[in-house]
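Comments concern the structure below.
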Amino acid sequence: MRVVVIGAAGKAGSRIVEELIRRGHAVKGVARTPHPEAPIEMRLADANDPLALAGAISGADAVISAGRFLTMKAEPILDAMRGAAVQRLLSIGGAGALLVNGVPFGDTPQFPDFARPESEAGRAFLATLWASDTDWTMLAPAVLFAAGERTGAYRLGGDTLMRDAFGESRISYEDFAKALVDELEQPKHRRALFSIAY
């Protein structure tokens, strides 16, 4: 499958690229600045510029959005996909959109203040996806989202925040990437938000 990853040089994006390469997909990346050390062809484009982005994703079977929500919005990406005739979009989500007792985690007192701007931008991104007619999927990570191991031993859930028996909510970039590429290859959550945690 031909896949273009927006934010391919980021912490999560680079693991998604590795997972795609591992499985034999044809992968290209999109970034605003050059990344000569990247293991794939990187196309320079701003995700907020629909015309430039359409050129960068042209010919892809799917686009994966792995950039920060504060630096990009959903509308230009969707416009670019329409312009390039790309149908499928997968996106990294945020734990702030997941529900805790029926309330988005990002609206609870337990949610860290420093993360609220990114969380609010992520929820706006999700709202735009819901309002579109695009074939999209968003995978929201656990609260602690960091480098770790590719274990393959994790849980998938819906739009509710998951915690383990010790009250922790965590997932590695590596296992997240595995789950996201699984969804790319065998879609089970079309036009839906789902979640992952140990």
Side-chain angles (χ1 to χ4, degrees), residues 3 5-23 27 29 62-74 89-130 136-198:
V3 185
V5 181
I6 300 171
K11 293 177 181 178
S14 61
R15 269 69 167 199
I16 292 168
V17 167
E18 290 170 6
E19 185 70 24
L20 289 164
I21 292 172
R22 179 199 298 263
R23 302 199 199 184
V27 191
V63 171
I64 295 178
S65 176
R68 294 187 67 227
F69 295 118
L70 283 174
T71 63
M72 64 182 189
K73 297 188 181 302
L89 173 66
L90 293 95
S91 177
I92 294 179
L98 299 175
L99 302 178
V100 177
N101 297 321
V103 177
F105 180 49
D107 288 342
T108 67
Q110 292 75 33
F111 195 80
D113 287 339
F114 75 87
R116 289 188 191 280
E118 178 71 12
S119 176
E120 289 170 2
R123 288 159 63 188
F125 192 104
L126 176 60
T128 301
L129 295 184
W130 276 117
W136 63 272
T137 297
M138 180 178 279
L139 177 56
V143 175
L144 179 58
F145 188 32
E149 297 180 11
R150 183 184 185 276
T151 68
Y154 49 76
R155 296 172 294 152
L156 297 179
D159 61 359
T160 299
L161 182 69
M162 293 186 290
R163 297 186 183 276
D164 63 19
F166 302 99
E168 296 183 349
S169 177
R170 57 190 180 85
I171 194 68
S172 70
Y173 296 136
E174 291 78 5
D175 274 337
F176 181 96
K178 179 185 180 304
L180 190 67
V181 178
D182 284 348
E183 177 67 22
L184 171 70
E185 294 178 342
Q186 298 182 356
K188 297 179 180 177
H189 302 88
R190 293 198 119 117
R191 290 189 57 80
L193 169 69
F194 73 117
S195 57
I196 182 171
Y198 291 125

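Heavy atoms only: backbone and side chains are in, while hydrogens, waters and symmetry mates are out.
A salt bridge between Lys188 and Glu183 is absent, with no side-chain N of the basic residue lying under 4.0 Å from a carboxylate O of the acidic one.
Of the inter-residue distances, the one linking Thr137 atom OG1 with Arg191 atom CZ reads 9.5 Å to the nearest 0.5 angstrom. The line from CZ of Arg170 to CE of Met162 is 12.5 Å long, rounded to the nearest 0.5 Å.
Judged by distance alone, with hydrogens and angles left aside, the side-chain atoms of Thr108 form no donor-acceptor pair with the main-chain N or O of Pro104 at under 3.5 Å. Checking side-chain atoms of Ser172 against main-chain N and O of Glu149 turns up a donor-acceptor pair under 3.5 Å.
When side chains are defined from C-beta on, Leu90 does not count as touching Leu139, because their heavy atoms never get closer than 4.5 Å. You'll find the side chain of Phe69 stays beyond 4.5 Å of the side chain of Arg123, heavy atoms only. With a 4.5 Å cut-off on side-chain heavy atoms, Ser195 and Asp159 do not count as touching.
Pairing each heavy atom of Ile171 with each of Phe176, the nearest pair is CG1-N, 4.3 Å. Listed here is the closest heavy atom pair of Leu193 and Ala140: CD1-CB, 3.9 Å. Summarising the geometry of Trp136 relative to Ala192, their closest heavy-atom pair is CZ3-O, 3.3 Å, with the distance given to 0.1 Å. Across Gly106 and Ser119, no two heavy atoms sit closer than the pair CA-OG, 4.1 Å. The two residues Gly93 and Pro141 come nearest to each other via the heavy atoms O-CD, 3.3 Å.
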Candidate pair Leu99 and Leu161, rule side chain to side chain contact (heavy atoms under 4.5 Å, CB included), full reasoning: CA-CA 6 Å; Leu99 302 178; Leu161 182 69; over 6 Å; no
Derivation and outcome, side chain to side chain contact (heavy atoms under 4.5 Å, CB included), residues Leu156 and Tyr154: CA-CA 7 Å; Leu156 297 179; Tyr154 49 76; 4.0 Å; yes
Stepwise side chain to side chain contact (heavy atoms under 4.5 Å, CB included) check, Ile64 with Leu20: CA-CA 11 Å; Ile64 295 178; Leu20 289 164; 4.1 Å; yes
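When only modelled atom types and interatomic distance are considered, Tyr198 and Ser169 share no side-chain donor-acceptor pair under 3.5 Å.
In this view, Ala66 and Val5, Ile16, Ile92 satisfy the side-chain contact (heavy atoms from CB on, under 4.5 Å) rule, not counting sequence neighbours. The salt bridge (charged side-chain N to carboxylate O under 4.0 Å, His left out) search around Glu120 returns none, not counting sequence neighbours. In this structure, Arg163 has no salt bridge (charged side-chain N to carboxylate O under 4.0 Å, His left out) partners at least two apart in sequence or on a different chain. Residues passing the side-chain contact (heavy atoms from CB on, under 4.5 Å) test with Arg150 are Glu19, Arg22, Arg23, Glu174, Asp175, Lys178, sequence neighbours excluded. Residues forming a side-chain contact (heavy atoms from CB on, under 4.5 Å) with Ala115 (at least two apart in sequence, or on another chain): Phe111, Pro112. Applying the side-chain contact (heavy atoms from CB on, under 4.5 Å) test to Ser65 and every residue at least two apart in sequence or in another chain returns Met72, Ile77, Leu89, Ser91, Phe125.
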